[in-house]
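Naming: A, B, ... by sequence-line order, numbering from 1 per chain. Just so we're clear, the structure is a prediction, and the values are computed from it rather than from any experiment. Note that these values count all heavy atoms, side chains included, but never hydrogens, waters or copies made by symmetry.
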Protein chains: 2
Amino acid sequence: MKKKADTVVYLYHNITFMETSEHDKRKCPSHLSTSECTKQLLPVKDALDILSGKWKLQIILSLTFGKKRFKQIQREIPGLTPKMLSKELKELEVNELASRHVYDTSPVTVEYELTSYGKTLRPLIGELHKWGSKHRKRIIAKSGR
Amino acid sequence: MKKKADTVVYLYHNITFMETSEHDKRKCPSHLSTSECTKQLLPVKDALDILSGKWKLQIILSLTFGKKRFKQIQREIPGLTPKMLSKELKELEVNELASRHVYDTSPVTVEYELTSYGKTLRPLIGELHKWGSKHRKRIIAKSGR
DNA sequence: CTGAATCCGCGGAGATACTG
DNA sequence: CAGTATCTCCGCGGATTCAG
């Protein structure tokens, strides 16, 4: 968890802050002012970071169907290794999209669950789905298959 | 441009097709049926592919402000090399989000422009922006800076 | 100016094995 | 079961150079 690296600070949430003093035009499209950049571009990237990647979406989708245990999720998503699952779940937790509950059984039971905040992603995913469907149809039509 | 690789076909649009015959549970979350997977997951991924990556968003954003020449775009986006810009623009073209016009001057002039189809991304980006902004505020508040 | 070609290094992710 | 540790490999993307 780095603290500072040049003019940009990365937090563990994957959120990029601009150091107001000196970032200027260097990390930002030059047709935007500094504040415009922060306002326009970064939030979109934040949202994208949450959803993109090879597994995130599938994990989120899996959790929308209810509480799941670690192994359960892994079984549902072919090819997903424990290392990756662990990493992704941590990110979801840090961003408060999923919650982790440990039950003191033996061996341990851990359940993951989408938080109510996590469920606010629904409409966004809906929009992605809407546009994606149209796009898919359009492209398939073109390539004539 | 591969044609077939196992049960999945990748086209140059980055669209993933399922071979209906045998993909079954192998490339898909097992809690979804084959058709469900195609219907639910893939379109969202399509949309995500269009927008994610280090440069795509900035390029699209740059083009929303009007026609631009190659070098012009590059100048506006710090750190963007011609190789990457070229690659990204090709993808946008292939997906019909941007169009390329060559003018027979000397040296050559090439202009890029968002297609009207490309502009249909607007609401989607708007949604990403909306959610991303909220998320950003939430996380910043938590980490108390 | 608008790219294409080449080289190369780093980090992300897979495979495998291991621990509490 | 729920992860961690270690190793390895590959490919993205940066830097640089060249061509039309």
Trainee: Need the bend value for the helix from C:dC1-D:dG20 to C:dG20-D:dC1: angle between end axes, 5 pairs each end, nearest 10°.
Mentor: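 About 40° separates the two local helix axes.
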
Trainee: Using heavy-atom distances to pick each residue's nearest nucleotide on DNA chain C, tell me which of A:P107 and A:W55 is more 5'.
Mentor: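 Closest to the 5' end, via its nearest nucleotide, is A:W55.
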
Trainee: Using the salt bridge (charged side-chain N to carboxylate O under 4.0 Å, His left out) criterion, which residues pair with A:E111? Sequence neighbours excluded.
Mentor: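 A:E111: salt bridge (charged side-chain N to carboxylate O under 4.0 Å, His left out) contacts with A:K67.
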
Trainee: Please collect all ring pair (Phe, Tyr, Trp, His ring centres under 6.0 Å) contacts where either partner lies in residues 85-115 of chain A, sequence neighbours excluded, each pair once.
Mentor: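 Qualifying pairs: none.
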
Trainee: Extract, from 5' to 3' on DNA chain C, the first and final nucleotides lying under 4.0 angstrom from some heavy atom of chain B.
Mentor: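 Range of nucleotides touched by chain B: C:dC1 to C:dT6.
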
Trainee: Does B:W55 have any ring-ring contact (aromatic ring centres under 6.0 Å, His included) partners at least two apart in sequence or in another chain, and if so, which?
Mentor: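 For B:W55 there are no ring-ring contact (aromatic ring centres under 6.0 Å, His included) partners, ignoring immediate neighbours.
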
Trainee: Salt bridge or not for A:K56 and A:E91, using N-O below 4.0 Å?
Mentor: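 Salt bridge between A:K56 and A:E91, a charged N being under 4.0 Å from a carboxylate O: yes.
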
Trainee: What pairs with A:S52 under side-chain hydrogen bond (donor to acceptor under 3.5 Å, both in side chains), at least two apart in sequence or on another chain?
Mentor: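 Counting only residues at least two positions away or on another chain, A:S52 forms no side-chain hydrogen bond (donor to acceptor under 3.5 Å, both in side chains).
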
Trainee: Which residues satisfy the salt bridge (charged side-chain N to carboxylate O under 4.0 Å, His left out) test with A:R122, sequence neighbours excluded?
Mentor: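 So A:R122 forms no salt bridge (charged side-chain N to carboxylate O under 4.0 Å, His left out) with any residue.
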
Trainee: Check side-chain hydrogen bond (donor to acceptor under 3.5 Å, both in side chains) between A:T105 and all other residues, then give those that pass, not counting sequence neighbours.
Mentor: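 Scan of A:T105 (side-chain hydrogen bond (donor to acceptor under 3.5 Å, both in side chains), adjacent residues dropped) gives A:T109.
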
Trainee: Does B:R100 have any salt bridge (charged side-chain N to carboxylate O under 4.0 Å, His left out) partners at least two apart in sequence or in another chain, and if so, which?
Mentor: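 Result, salt bridge (charged side-chain N to carboxylate O under 4.0 Å, His left out) vs B:R100: none returned.
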
Trainee: Please list each protein N or O that sits under 3.5 Å from an N or O in nucleotides 2-7 of chain D, with the distance.
Mentor:
| unit_1 | atom_1 | unit_2 | atom_2 | d |
| --- | --- | --- | --- | --- |
| D:dA2 | OP1 | A:R69 | NE | 3.0 |
| D:dA2 | OP1 | A:R69 | NH2 | 3.2 |
| D:dA2 | OP1 | A:V110 | N | 3.4 |
| D:dA2 | OP2 | A:K71 | N | 2.9 |
| D:dG3 | OP1 | A:R100 | NH1 | 2.3 |
| D:dG3 | OP2 | A:Y112 | OH | 2.6 |
| D:dT4 | OP1 | A:K90 | NZ | 3.4 |
| D:dT4 | OP2 | A:S86 | OG | 2.8 |

Trainee: Quick one: list whatever passes side-chain hydrogen bond (donor to acceptor under 3.5 Å, both in side chains) with A:T120, sequence neighbours left out.
Mentor: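 In terms of side-chain hydrogen bond (donor to acceptor under 3.5 Å, both in side chains), with neighbours along the sequence ignored, A:T120 is linked to B:W131.
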
Trainee: Which residues pass the salt bridge (charged side-chain N to carboxylate O under 4.0 Å, His left out) test with A:K130, sequence neighbours left out?
Mentor: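 With neighbours one apart ignored, the set is A:E127.
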
